[in-house]
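Count residues from 1 along the sequence.
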Amino acid sequence: MAKRDYYEVLGVARDAGEEDLKKAYRKLAMQYHPDRNQGDKAAEGKFKELNEAYDVLKDAEKRAAYDRFGHAAFEGASAGGGPGGFPGGGNPFGGAFEDIFEEMFGGLGARGRGRGSAAGRGSDLRTGVEVTLEEAFAGAKKTIRVSTTAACEACKGTGAEGPAAQAAATCGTCGGSGKVRAQQGFFLIERTCPTCGGSGRVVKNPCKVCAGQGRVQRDKTLAVTIPAGVEDGTRIRLSGEGEAGLRGAPPGDLYVDIAVRSHPIFQRDAANIFVRVPLRMTQAALGGQVEVPTVDGGRAKVTIPAGTQAGDQFRLRGKGFSVLRSAARGDMYVQVAVETPQNLTKRQQELLSEFEREAEKSGRSSPENEGFFAKVKEFWDGLGR
């Protein structure tokens, strides 16, 4: 019997994204799971087909091969990755199915897999800091203030009054395992014990200051080093500066997101800097020199050739932005904008009119203008107009 198209099996379009695939799989997996359809061979077959299709399409490389060669790309090997067609070696809870439900429920008790870190570890925190373009170029030190939890000084983080050795006893809820199990329909769900927070121990004589948590809420001030060359959106990790762990468990980390403020003169593109320089019409026509600022606070002279056009660009090597974790620098690009004069005096109008008459006679001062209108004339002549 010929295999059905994997996209048809999941009921999605061929350009479906990762989330669309996941949603479609989750819905159908719940519908055809063997535990919900005991003795139903048709449902078992559909579930097997569903796992095989999702296992291929969720993987970018397998999906690319399938899109190009179809089922022939996997002939001679089980696309599901295990006997019986089930990802994970025939286990209906394995592979793609387990990935989905581990995400939904935080781990399946049948396999004993957990996604958490050390029991009671403090939560990671996230904050942001804004820097100027100059600070991003040269690097800077910033002071930030965050509201977090810190180890209780009264009990030194144990959560209990008295000696640390007598601070805790085995948790009666989980028997010291740190985890509890509960039946939800046909799933056996394993969760962190709500009584001990996963540590397996409970405080006998809770500290009056922290109520047995071993940590208290407080604001703290931290110094953050902004490296030279940092880009907008860069995230800096401060290890151990997140929330304090529960009753002496390890602290979390603090992540600082960098936002680079826009600049009135410079525009940045990776390691390159762009600056737009407006020139008077006469400057562009006659040429000369202009002085422009550089991002490091210096000055650079740029020679403007006579006859420079709007949009012309001049490159200054090594005058661009710092490269992160390197002594190198990008380049600076000076982009020319030719400005048409406004609010002319009567004398200036007379001079420009005289210039225009001479330019029309010579026919050589504006080659692009002359060339364009020559082509327009040929176009109209070709149409007989």
Has [X] got a side-chain atom pairing as donor or acceptor with [Y]'s backbone, closer than 3.5 angstrom?
X	Y	result
Glu243	Pro251	no
Asp257	Arg235	no
Arg268	Ala270	yes
Arg215	Ala244	yes
Ser322	Phe137	yes
Arg329	Gly320	yes
Asp253	Gly242	no
Asn272	Met332	no

Surrounding [atom1] of [X] (heavy atoms of other residues, nucleotides or ligands, distance under 6.0 Å), is the total greater than 12?
X	atom1	result
Arg315	CZ	yes
Glu291	CD	yes
Arg14	CZ	yes
Glu61	CD	no

Are [X] and [Y] side-chain neighbours, meaning at least one heavy-atom pair lies under 4.5 Å?
X	Y	answer
Glu134	His263	yes
Phe314	Ile304	yes
Arg280	Pro341	no
Val129	Ile226	yes
Thr127	Leu125	no
Gln31	Leu28	yes
Leu222	Val256	no

If I take atom [atom1] from residue [X] and atom [atom2] from residue [Y], how far apart are they, to the nearest 0.5 angstrom?
X	Y	atom1	atom2	result
Leu238	Thr225	CG	OG1	8.5 Å
Phe355	Thr282	CZ	OG1	10.5 Å
Leu316	Lys301	CG	NZ	13.5 Å

Partner of Glu135 by side-chain hydrogen bond (donor to acceptor under 3.5 Å, both in side chains), out of Lys142, Lys141, Arg261: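 Only one option passes, and that is Lys142.
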Same apolar cluster (I L V M F W Y, side chains within < 4.5 Å links), Phe274/Phe321: no
Cluster check Val302, Val295: I/L/V/M/F/W/Y, side chain < 4.5 angstrom: yes
Residue pair Tyr7, Asp67: steps toward the side-chain hydrogen bond (donor to acceptor under 3.5 Å, both in side chains) verdict: CA-CA 10 Å; Tyr7 292 98; Asp67 287 344; 2.7 Å; yes
Set of side chain to side chain donor-acceptor pair (under 3.5 Å) partners for Thr345, sequence neighbours left out: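 Residues passing side chain to side chain donor-acceptor pair (under 3.5 Å) with Thr345: Gln348.
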Residue list, side chain to side chain donor-acceptor pair (under 3.5 Å) with Lys208, at least two apart or on another chain: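 Side chain to side chain donor-acceptor pair (under 3.5 Å) check on Lys208 returns Glu161.
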Pairs of donor and acceptor atoms involving the side chains of residues 333-340, under 3.5 Å and at least two apart or interchain, shall be tabulated with distances.
residue: Gln335; atom: NE2; partner: Gln313; partner atom: OE1; Å: 3.0

Intermediate values then yes/no, side chain to side chain contact (heavy atoms under 4.5 Å, CB included), Lys3 and Val9: CA-CA 10 Å; Lys3 286 187 176 182; Val9 170; over 6 Å; no
Closest heavy-atom pair and its distance - Pro206, Ala211: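 Result for this residue pair: CB-C, 4.2 Å.
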Would you call [X] and [Y] a salt bridge, taking side-chain N to carboxylate O under 4.0 Å as the test?
X	Y	value
Arg237	Asp124	no
Glu241	Lys220	yes
Glu350	Arg347	yes

Ring geometry between Tyr25 and Tyr54 (parallel below 30°, tilted from 30 to 60°, perpendicular above 60°):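 Because their plane-to-plane angle is under 30°, the rings of Tyr54 and Tyr25 count as parallel.
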